[in-house]
Amino acid sequence: MEIKITKTTAPKEKPDSSTLGFGKFFTDHMFVMQYSRGKGWYDAQIIPFGNLSIHPASTVLHYGSEIFEGLKAYRRKDGKVQMFRPIENIRRMNASAERLCLPQIPEDLAMQVLTEFVKFEQDWTPSSEGTSLYLRPFMFGNDETLGVHAVHNATFMIIASPVGSYYKEGINPVKIMIEDQDVRAVRGGTGYAKCGGNYAASNRAGERAEQKGYSQVLWLDGVERKYIEEVGAMNVMFLIGDEIVTPALTGSILPGITRKSCIEVLKSKGYKVSERLLSIDELSSAMEDGTLKEAWGCGTAAVISPIGQLCYKDKIYAVNNGQIGEVTQMLYDTLTGIQWGKIEDRFGWILEL
Ligand code: PLP
Ligand code: COI
């Protein structure tokens with residue numbers, strides 16, 4: 001599809017790398033494409049970054065018809081820019097679209113517009129250690145009527161934000177609170193989809209945890225409140241004895257691309273990895289008897305984030321004395337090494353622009 005380009009007449013100054021944080025700055029342009037039932041996707045454009053004009057009855061404002069993705073472009077030492085497993089994000093976005101009754105985007109078209117947009121904005125990819133250009137594709141329903149139904153009109157967009165680390169802690173261990181009141185998602189619901197509603201439902205518990213000094217919550221399953229699911233913006237893994245355990249994808253957990261990549265790296269290095277149900281009782285016992293050796297979260301924004309402290313029902317457990325563990329460090333070094341082009345990508349995950 002041809003993309004119509006309108007360049008900004010007021011280019012912004014690029015922020016200093018030390019001030020980046022996460023999602024505070026945006027590039028000069030954004031990608032927009034429209035969908036109508038019967039017509040398909042049309043009107044692909046790169047336009048100056050700016051506010052949208054939306055009909056007050058637009059579906060997304062009332063019924064939450066919205067999905068999004070998150071991936072990054074990385075600047076290598078030789079100056080080239082590359083993306084990490086973008087096709088996986090496109091496939092997950094289409095799975096989310098299917099769940100929310102939003103239109104899917106043919107993979108070739110989605111890859112085309114994503115790569116063209118990133119090429120167009122690539123100068124915004126920062127180069128300091130640990131920084132990247134975070135890409136946020138998203139889609140929303142915008143029928144201009146109040147009836148509740150599968151949408152007939154939708155908009156797909158991509159915005160980009162130069163970022164540093166997601167947590168202020170960087171690679172230092174974070175404190176996580178195990179949530180025993182609210183639930184994030186249930187089987188049969190939208191947990192496996194990356195839709196805004198899941199995050200809206202998470203905010204109350206997240207806020208409570210933050211007030212107590214924790215970075216995020218670790219969710220338990222929505223039926224029995226017994227099995228570990230995931231953290232607010234990351235999947236989780238635990239080294240218990242000599243087994244690396246991560247919750248199985250039962251439908252209420254986001255199938256993370258970092259999670260999948262960790263599993264592939266770990267298996268390639270001979271670690272024993274189990275995707276299975278992990279109950280809070282099993283985890284508590286492992287914390288009590290010292291068999292829990294390491295815990296970490298994994299996600300695009302946070303990369304690999306060591307968990308140094310877990311709190312459950314006001315009981316506080318230190319993990320690995322609050323230090324980053326060997327396996328966590330190995331995963332961080334391997335994934336960031338591949339992402340920033342410092343080590344060879346033997347998995348075929350990198351797409352160079
Ligand atoms: N779980 C949730 C709820 C998330 O928001 C994210 C971040 O995208 C992840 C897990 C990790 O997914 P990924 O590794 O694809 O970024
Ligand atoms: C990501 O890691 O890309 C995410 O989407 C997390 C986000 C909710 C900040």
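Indexing begins at 1, ligand by ligand and atom by atom, following the structure's order.
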>> Tyr199 versus ligand 2: do any nitrogen or oxygen atoms come within less than 3.5 Å of each other?
In response: no
> Arg92 near ligand 1, heavy-atom distance under 4.0 Å?
Replying inline: yes
> Near Arg204 CZ, under 6.0 Å, is it more than 12 heavy atoms from other residues, nucleotides or ligands?
Replying inline: no
> Among protein heavy atoms, which sits nearest to atom 2 (O) of ligand 2, and what does the distance come to when rounded to 0.1 Å?
Replying inline: Ala301 N, 2.8 Å
>> Is the distance from the ring center of Phe49 to that of Phe31 below 6.0 Å?
In response: no
>> To check your reading of the model: name the closest protein heavy atom to atom 3 (C) of ligand 1, its residue, and the distance in Å.
In response: Gly232 O, 3.2 Å
> Minimum heavy-atom separation for His29 to Glu121, with atom names?
Replying inline: N-OE2, 2.7 Å
>> Return the closest protein heavy atom for atom 6 (C) of ligand 1 as residue, atom name and distance.
In response: Ala233 O, 3.3 Å
> In the protein, which heavy atom is nearest to atom 2 (C) of ligand 1, and how far is it?
Replying inline: Glu230 OE1, 3.3 Å
>> Show the nearest heavy-atom pair for residues Lys272 and Asp242, with the distance to one decimal.
In response: CB-O, 3.9 Å
>> Show me which atoms of ligand 1 lie under 4.0 Å from any heavy atom of Cys298.
In response: 11 (C)
> How close does the nearest protein non-hydrogen atom get to atom 6 (C) of ligand 2, and which residue and atom is it?
Replying inline: Ala233 CB, 3.7 Å
> How close does the nearest protein non-hydrogen atom get to atom 5 (O) of ligand 1, and which residue and atom is it?
Replying inline: Tyr199 OH, 2.6 Å
> Do Lys315 and Glu288 sit within salt-bridge range, that is, some charged N less than 4.0 Å from a carboxylate O?
Replying inline: yes
> Picking from Thr155, Leu52, Val113, what satisfies side-chain contact (heavy atoms from CB on, under 4.5 Å) with Val32?
Replying inline: Thr155
> Quick one: does Lys194 get a heavy atom under 4.0 Å from ligand 2?
Replying inline: yes
> In terms of residue, atom name and distance, what is the protein heavy atom nearest to atom 14 (O) of ligand 1?
Replying inline: Thr258 OG1, 2.5 Å
> atom 7 (C) of ligand 2: which protein heavy atom is closest, and how many Å away?
Replying inline: Arg136 NH2, 4.0 Å
> Who's the nearest protein heavy-atom neighbour of atom 1 (C) of ligand 2, and how far?
Replying inline: Tyr134 OH, 3.4 Å
>> Checking contacts here: is it the side chain or the backbone of Glu88 that comes within 4.0 Å of ligand 1, counting heavy atoms only? Could be both or neither.
In response: neither
> Under a 4.0 Å heavy-atom limit, does Arg184 contact ligand 1 with its side chain, its backbone, both, or neither?
Replying inline: side chain
> Which residue and non-hydrogen atom of the protein lie closest to atom 12 (O) of ligand 1, and at what distance in Å?
Replying inline: Gly256 CA, 3.4 Å
> Should Arg92 and Glu69 count as an ion pair when the cut-off is N to O under 4.0 Å?
Replying inline: yes
> With atoms numbered from 1 as shown, which atoms in ligand 2 lie under 4.0 angstrom from a non-hydrogen atom of Phe68?
Replying inline: 5 (O)
>> Please classify the Lys72 to ligand 2 contact at 4.0 Å (heavy-atom distances, strictly less than): side chain, backbone, both or neither.
In response: neither
> Should Lys194 be listed as contacting ligand 1, given a heavy-atom distance under 4.0 Å as the test?
Replying inline: yes
> Is Cys298 close to Leu331 at the side-chain level, that is, under 4.5 Å between some pair of heavy atoms?
Replying inline: no
> Out of curiosity, does Trp124 fall in the hydrophobic cluster containing Val81 (side-chain heavy atoms, cut-off under 4.5 Å, transitive links)?
Replying inline: yes
>> Any atom of ligand 1 sitting under 4.0 Å from a heavy atom of Ala301?
In response: no
> Less than 4.0 Å between a side-chain N and a carboxylate O, is that true for Arg85 and Glu264?
Replying inline: yes
>> Heavy-atom count check: over 12 atoms from other residues, nucleotides or ligands less than 6.0 Å from Lys24 NZ?
In response: yes
> Should Ile244 and Trp296 count as side-chain neighbours, where that means a heavy-atom distance under 4.5 Å?
Replying inline: yes
> Which protein non-hydrogen atom lies closest to atom 16 (O) of ligand 1, naming both residue and atom, and how far is it?
Replying inline: Thr300 OG1, 2.6 Å
>> Would you say CG of Asp16 has more than 12 non-hydrogen atoms from neighbouring residues, nucleotides or ligands within 6.0 angstrom?
In response: yes
> How does Met234 reach ligand 2, by side chain, by backbone, by both or by neither, if only non-hydrogen atoms under 4.0 Å count?
Replying inline: neither
> Between Tyr134 and Phe22, is the ring centre distance below 6.0 Å?
Replying inline: yes
> Can you list the ligand 1 atoms lying under 4.0 Å from a non-hydrogen atom of Gly299?
Replying inline: 11 (C), 14 (O), 16 (O)
